[in-house]
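Right, one structure below, let's go through it.
Naming convention: chains lettered A, B, ... in sequence-line order (proteins, then strands); numbering from 1 in each chain.
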Amino acid sequence: MNILELKDVSCRYAIGTPFEMTALSGVSVSFEKGKTTGIIGHTGSGKSTLVQMLNGLLKPESGKVLLYGADIWENPKELPKVRYRVGLVMQYPEYQLFDETVRADIGYAPRNMGLSPEEIEQRVKEAAAFVGLPEDLLDKPPLELSGGQKRRAAIAGIIAMRPEVLVLDEPAAGLDPRGKAEIFEGLNAYKKAHGATVILVSHSMEDMAKYCENVILMRHTQVIKQGSVRDIFSEPDLLEESGLAIPAAYRLALALRRRGINLQGELYTTQGVRRAILAYQEGRGKV
Amino acid sequence: MIKDITLGQYFPGNSIVHRLDPRMKIILTILYIVTIFLTKNVYCYIAVFLSSILLVLVSRISLKVVIRGIRPILYVLAFTMVINLFFTKGETLLWEWWRLHIYLEGIYRAVFMALRVVSLIIGTSVLLTYTTSPIVLTDAIEGLLSPLKKIRIPVHDFAMMMTIALRFIPTLIDETDKIMNAQKARGADFNSGGLVKRAKALIPILVPLFVSSYSRAEDLAVAMECRCYRGDVGRTKFVRLSFSGKDFVAFVLFVSFGAAVILANLYLPFGFKV
């Protein structure tokens, strides 16, 4: 079942000036409920614009954005409610921290929702736990946190709304591998606990292979391909044409295949290829 | 969106106006403003207005953009027109009610005032802001003011401060936009409630904006020092400004236009002086 859907959405920036620029042209995509969908594309392919369509931050010039089949722009007064249901973590979200303490900052969205203080407190704690933010940090001013901690606090600020759809624009950009892994684990935990749908923007095919079930491939303001991770990876040329790097492990598997070594199984992640190579050796040993 | 502000924005292009030396453009702008304020005669008003339109055409900036640039001052314009219309005393009374009078002179004055303001804005924005990038503009200001260095006025530092300030306006606008969106995504509401509530709603935007501006200033200072910036002492320039034939032609044209206006003020028979 599709929870969110874009129908033939187009969008331009700075219309009528020499800086006019098309950001999306006739994009139609759908997001399955409860699944993790990745949006991948080169810089400037329209990923960030697309995500901002999902919670009504940008209005499509033409086309529709449907949440459970209902056009979110039909009643603009209800948009804040849409934004609570579709939580968007923008790129480099640590810049949005403003309150005196981390606790208050994570509680900003729940306060806007008009929840009771007890409920807010509970949600703040829960959100901090999901992103792995220790409780003693909650009473510190956000500026005293490290970069990675700030990022987590900002993500917690969205999770505290308990959105049905959690959209993240490059949540791991600029983080070290460990910080990255921790954030993705936190997202998975949230997804499992609340049956949420997750939409991830990235330009790393590795992340897509590791964390997503479906992938949307974008190039030059258009959606080139939409399908499962396997579908997308089955056309490595398409990926390279779109300016995306194929994961090193998968490239190795493809190179081996060209030399007649056919690995079996999931070949998109380092772990998967490792398993496949070991299995291949074992198989040969037996022969 | 705040991104749509066009007043004071640079539109890249390759017209003759774009290619004039920016220092000359500043001089021409001053000449043009003086000419506009010298105008006292119907023909001159029309000529000045037509000249501003001519400038738009020569610069190949679309008329739409120029009109959009005027829109923000329409209220001021309407206000001046009304004031001039009702409070100019003249000889030919046309209409009277209570303390309000409309004289024929008042009508002329209101119309001419509007023409003057519109030509002023079109002329200066086409000559300078629309066709000159801010960076080049500060370079030109530094060039024009450099004689002041002799009396130890830190012209270069002022110019650098201005360059940096101008350079970061679009960045700040972008950033404000991003932060506003981020807070909207968290349910912030900037458009409803009373004054106090609206002012309070700005805190989540202003705090992050200040924080990032400070850290950016620091980054910039460090980056400049890393590239051995130490004021203008011994600094050479990548782009050297130089006057060429077209600059002198433009200068002569503008001066003659000013002179023609002065002569017309003095000698043209249609002596409608307002």
Inset, instruction - To the nearest 0.5 Å, tell me how far D99(A) CG sits from I203(B) CD1. - result: 8.5 Å
Legend entry - Nearest non-hydrogen partners of L88(A) and A185(B), listed with the distance: O-CB, 3.9 Å
Legend entry - Interface residue of largest heavy-atom contact number with chain A, from P208(B), S215(B), P204(B), under 4.5 Å: P204(B)
Inset, instruction - Rounded to the nearest 0.5 Å, what's the gap from CG on N181(B) to CE on M90(A)? Could you check? - result: 4.5 Å
Legend entry - When G13(B), A188(B), S212(B) are compared by non-hydrogen pairs under 4.5 Å with chain A, the top option: A188(B)
Inset, instruction - Compare every heavy atom of D105(A) with every heavy atom of R186(B), then report the nearest pair and how far apart it is. - result: NH1-O, 2.9 Å
Inset, instruction - Supply the atom-to-atom distance F98(A) CZ to I205(B) CD1, rounded to the nearest 0.5 angstrom. - result: 10.0 Å
Legend entry - Rounded distance [0.5 Å steps], CG in L57(A) versus CE in M180(B): 10.5 Å
Inset, instruction - For Q96(A) and Q183(B), indicate whether the former's side chain and the latter's backbone hold a donor-acceptor pair under 3.5 Å. - result: no
Inset, instruction - Go through the atoms of M161(A) and report whether side chain, backbone, both or neither lie under 4.5 Å from a heavy atom of chain B. - result: side chain
Legend entry - Non-hydrogen atoms of K184(B) and R83(A) that approach each other most closely: O-CD, 3.3 Å
Legend entry - pair L143(A)-V211(B): side-chain heavy atoms closer than 4.5 Å: yes
